[in-house]
Amino acid sequence: MQFADRLQNVETSAIRELFKLLGKPGIISFAGGFPDPGLFDVEGIAMASQAVLSANPGPVLQYGATEGYQPLREGISDFMAAKGAEVEPSGLIVTTGSQQALDLIGKTMISPGDKVIVEAPTFLATIQCFRLYGAHIIGAPIDANGVDVDRLEQLIVEHKPKLVYLVPSFGNPSGATLTLERRKRVLEIAVRTGTLVVEDDPYGELYFDQAPPPSLLALSAHVPGSRDCLAYCGSFSKILSPGLRVGWLIAPPQLLANATMCKQFSDAHTSNLTQAICAHYLTLSRLDATLDVVRATYAERARVMAQALTRALGDALAFDAPQGGMFFWARLTGAQGQSANAAEFSKRAIAHGVAFVPGAPFFAHDPDLSSLRLSFATADVARIEEGIARLGQAF
């Protein structure tokens with residue numbers, strides 16, 4: 001078979017490939033980016049499911065509008081307003097997870113050879129998605145406070161990218177959070193250079209002690225012209241359930257219209273049933289209590305992981321403890337004469353019954369081979385302590 005030329009630009013996910021190695025009994029995995037299913041509000045989701053199937057099941061089991069189930073669009077509008085971002089229901093479309101929102105942006109915005117700036121490191125699936133559409137991807141460096149905006153501005157001026165992609169709050173894989181000052185500067189740069197900024201915000205509600213700064217979307221109300229340079233991808237996957245596959249895209253009208261057209265070609269519409277379940281769930285006033293439990297649980301697991309990493313690896317591993325989200329981003333320092341190659345360390349770790357993801361795949365180019373990502377979301381405290389102890393033995 002002669003496959004499309006675009007497939008030459010991508011390869012399968014390194015994380016998905018790693019999962020194939022995790023089948024042996026007893027292995028402790030810090031590799032995945034999944035929320036803990038034990039924290040899903042199964043009772044509330046069941047109540048919502050029963051309600052929508054009992055009241056008027058015909059419409060929710062039928063084909064629906066590509067833009068989304070209207071009660072859910074209204075519910076998302078209210079959800080965003082509570083986060084300080086005013087958006088009319090007509091100003092968003094419901095997508096099959098926020099991953100589809102990113103794919104629709106790729107379809108509508110990227111032609112082969114177009115330049116796109118992302119964080120270095122960034123969400124692996126975004127690199128794969130944009131490369132599939134032929135993007136030339138450029139990495140902008142980050143630190144514990146998010147993207148280096150001075151360098152970002154230089155790259156924008158130099159390369160004139162089609163768009164910039166950022167995960168400002170508790171990024172995947174970095175765990176970093178963009179400061180309020182840097183967020184404002186990003187919007188100002190976007191207006192000054194006429195650059196589209198795509199804000200991906202799946203983790204913003206997963207804060208520990210205090211909420212992150214307002215989203216770029218919320219702040220755009222205070223930076224004239226910036227709303228026209230901004231697209232926002234949201235998701236219920238990390239805060240309600242990834243299995244429902246419900247996300248949303250907020251964007252300027254012309255981009256939203258083209259994304260809607262492309263979605264018609266892709267899947268016609270996101271499942272009406274899962275949209276209706278989400279819409280009804282939002283009326284039950286259960287989400288805040290669910291998030292309180294999730295935040296407290298993840299905060300405790302992150303604290304335990306930080307302590308265990310310091311105890312097991314000492315100065316051989318450098319990291320900034322995250323203040324939310326699901327991930328630790330760390331670097332092997334090469335201290336004590338040890339190797340600083342995370343891929344080699346990963347193989348030894350798997351042999352000792354513990355897994356993490358080497359950091360290289362999260363870079364579009366010039367990867368940091370010493371970097372690695374560990375997720376604390378799905379392992380309880382006891383397994384975190386045991387797994388990190390095994391890392392120490394593998395080192």
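These numbers come from a predicted model, not from an experiment. As a basis for the values below, the full set of heavy atoms in this structure was taken, side chains included, without hydrogen atoms, waters or symmetry mates. Counting from 1, the numbers follow the sequence of the chain as shown.
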Are [X] and [Y] linked by a side-chain donor-acceptor pair shorter than 3.5 Å?
X	Y	result
Tyr63	Asn272	no
Gln128	Arg131	no
Tyr133	Asp103	yes
His159	Lys115	yes
Gln275	Thr270	no

For this session: Would you check, one step at a time, whether the test side-chain hydrogen bond (donor to acceptor under 3.5 Å, both in side chains) holds for Ser241 with Tyr281?
Result: CA-CA 12 Å; Ser241 161; Tyr281 183 90; over 6 Å; no

I'd like to know whether [atom1] of [X] has more than 12 heavy-atom contacts from other residues, nucleotides or ligands below 6.0 angstrom.
X	atom1	answer
Asp320	CG	no
Arg6	CZ	no
Gln307	CD	yes
Glu88	CD	no

Do [X] and [Y] belong together in a cluster built from hydrophobic side chains that touch within less than 4.5 Å?
X	Y	value
Leu287	Val293	yes
Phe40	Ile239	no
Met261	Leu104	no
Leu244	Val42	no
Val116	Val157	no

Exercise. Is a side-chain N or O of Gln323 found less than 3.5 angstrom from the main chain of Ala321, in a donor-acceptor match?
Worked result: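 Checked: pair present.
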
To the nearest 0.5 Å, what is the distance between [atom1] on [X] and [atom2] on [Y]?
X	Y	atom1	atom2	result
Lys184	Ile189	NZ	CD1	14.5 Å
Leu163	Cys229	CG	SG	12.0 Å
Ile117	Leu155	CD1	CG	5.0 Å
Ser235	Arg245	OG	CZ	6.5 Å
Phe362	Leu372	CZ	CG	10.0 Å
Lys347	Asn341	NZ	CG	8.5 Å

Problem set entry | side chain to side chain contact (heavy atoms under 4.5 Å, CB included) partner of Leu249, the single match among Leu92, Leu256, Thr260, Val198 |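 The residue from Leu92, Leu256, Thr260, Val198 that satisfies side chain to side chain contact (heavy atoms under 4.5 Å, CB included) with Leu249 turns out to be Leu256.
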
Problem set entry | Audit row: Ile127, Ile137, side chain to side chain contact (heavy atoms under 4.5 Å, CB included) steps and yes/no | CA-CA 7 Å; Ile127 296 175; Ile137 302 179; 4.0 Å; yes

Assess whether a salt bridge exists between [X] and [Y], defined as any Lys/Arg side-chain N lying under 4.0 Å from an Asp/Glu carboxylate O.
X	Y	value
Glu205	Lys238	no
Asp143	Arg182	yes
Glu386	Arg390	yes
Asp380	Arg301	no
Asp209	Arg295	no

Can you confirm whether [X] sits close enough to [Y] that some side-chain heavy atom of one is under 4.5 Å from a side-chain heavy atom of the other?
X	Y	result
Arg331	Leu317	no
Phe319	Thr310	yes
Leu219	Val223	no
Val118	Ile138	no
Thr283	His280	yes
Ile45	Ile277	yes
Arg286	Met47	yes
Leu255	Met109	yes

Exercise. Given the rule in the side chain to side chain contact (heavy atoms under 4.5 Å, CB included) test, do Ile142 and Asp148 qualify, once you have shown the distances and angles that lead to the verdict?
Worked result: CA-CA 5 Å; Ile142 66 171; Asp148 179 337; over 6 Å; no

For this session: Assess whether side-chain hydrogen bond (donor to acceptor under 3.5 Å, both in side chains) is satisfied between Thr96 and Asp267, documenting all intermediate values.
Result: CA-CA 9 Å; Thr96 305; Asp267 65 357; 2.9 Å; yes

For this session: Test side-chain hydrogen bond (donor to acceptor under 3.5 Å, both in side chains) on Lys160 and Thr195 and set out the steps.
Result: CA-CA 8 Å; Lys160 298 177 176 55; Thr195 303; over 6 Å; no

Using every non-hydrogen atom in the two residues, find where [X] and [Y] come nearest and quote the distance to one decimal.
X	Y	result
Phe327	Gly32	CE2-O, 4.0 Å
Ser237	Pro35	O-CG, 3.8 Å
Cys129	Gln99	CB-NE2, 4.2 Å
Met326	Ala377	CE-CB, 3.7 Å

For this session: Compute the centroid of each ring, for Phe170 and then for Tyr298, and state whether the two points are separated by less than 6.0 Å.
Result: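 No.
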
For this session: Tell me, with the steps shown, if Tyr165 and Glu199 meet side chain to side chain contact (heavy atoms under 4.5 Å, CB included).
Result: CA-CA 6 Å; Tyr165 169 81; Glu199 177 180 23; over 6 Å; no

For this session: Check the angle between the aromatic planes of Phe345 and Phe356 and answer parallel, tilted or perpendicular using the 30° and 60° thresholds.
Result: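 Aromatic pair Phe345/Phe356 classed tilted.
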
For this session: Measure the acute angle between the ring planes of Phe376 and Phe328, then classify it against the limits of 30° and 60° as parallel, tilted or perpendicular.
Result: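 Answer is perpendicular, since the angle exceeds 60°.
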
Problem set entry | Check against side chain to side chain contact (heavy atoms under 4.5 Å, CB included), Leu187 and Val191 | CA-CA 6 Å; Leu187 293 175; Val191 173; 5.7 Å; no

Problem set entry | Tyr232 vs Asp200, side-chain hydrogen bond (donor to acceptor under 3.5 Å, both in side chains): CA-CA, chis, key distance, verdict | CA-CA 6 Å; Tyr232 176 97; Asp200 197 4; over 6 Å; no

